[in-house]
Novice: 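This structure is in structure tokens; I'll ask about it shortly.
Quantities reported herein were computed from a predicted structural model and do not represent experimental measurements.
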Amino acid sequence: MPRSLVNFNAPIAVRKRFDALCRANGRTRTSVLLELMTNYVLEEGKRMEERQGQLEDFDMRLRESPNLMGSQREMYDPHHRSFSPRQPWGDKDFDLPDPIYSDGQGDW
């Protein structure tokens with residue numbers, strides 16, 4: 001299996017504790033980090049696969065119930081304009097004072 005050197009920064013205190021535990025268990029840093037990385041890849045891969053299945057299931061149910069959250073066209077048309085949360089009013093509508101600008105002449 002091809003290998004690649006991986007370098008990363010870690011807090012010194014964490015690295016020292018990690019090294020001490022590796023020595024106490026008779027393992028190298030590499031073997032422990034590879035085990036941790038492999039477990040992470042397997043667990044996260046499984047979680048992402050489950051999540052994708054849940055999203056696909058939701059999409060299927062949504063397509064079968066068009067009144068659930070609006071029309072299918074709104075959900076699946078990529079060119080459909082969606083609601084913008086931007087408000088159409090400005091500071092003047094709230095009677096707020098104008099911002100103060102410096103002319104560069106005075107001390108603030």
Novice: Lys16 and side-chain contact (heavy atoms from CB on, under 4.5 Å): which single residue from Asp19, Val14, Ile12 fits?
Specialist: Ile12
Novice: Restricting to side-chain contact (heavy atoms from CB on, under 4.5 Å), what partner residues turn up for Asp57, sequence neighbours left out?
Specialist: Met60, Arg61
Novice: Mind checking the CZ-CG spacing from Arg29 to Leu36? Nearest 0.5 Å is all I need.
Specialist: 13.5 Å
Novice: To the nearest 0.5 angstrom, please state how far the CZ atom of Arg47 sits from the OH atom of Tyr40.
Specialist: 7.5 Å
Novice: With rounding to the nearest 0.5 Å, note down the distance linking CG in Leu34 to CZ in Arg3.
Specialist: 6.5 Å
Novice: Hydrophobic clusters here meaning ILVMFWY residues chained together by side-chain heavy-atom distances under 4.5 Å, can you tell me if Phe8 and Val32 are in one?
Specialist: yes
Novice: Please determine whether the number of non-hydrogen atoms from other residues, nucleotides or ligands lying under 6.0 Å from atom CD of Glu49 exceeds 12.
Specialist: no
Novice: Do other residues, nucleotides or ligands put more than 12 heavy atoms under 6.0 Å from Arg15 CZ?
Specialist: yes
Novice: Would you please name every residue forming a side-chain contact (heavy atoms from CB on, under 4.5 Å) with Asn39, sequence neighbours left out?
Specialist: Glu35, Glu43
Novice: What is the distance from atom CE of Met37 to atom OG1 of Thr30, rounded to the nearest 0.5 Å?
Specialist: 10.5 Å
Novice: In terms of side-chain heavy atoms, does Gln54 have a donor or acceptor partner in Glu50 at a distance below 3.5 Å?
Specialist: no
Novice: Measuring from Phe18:CZ to Arg23:CZ, what's the distance to the nearest 0.5 Å?
Specialist: 11.0 Å
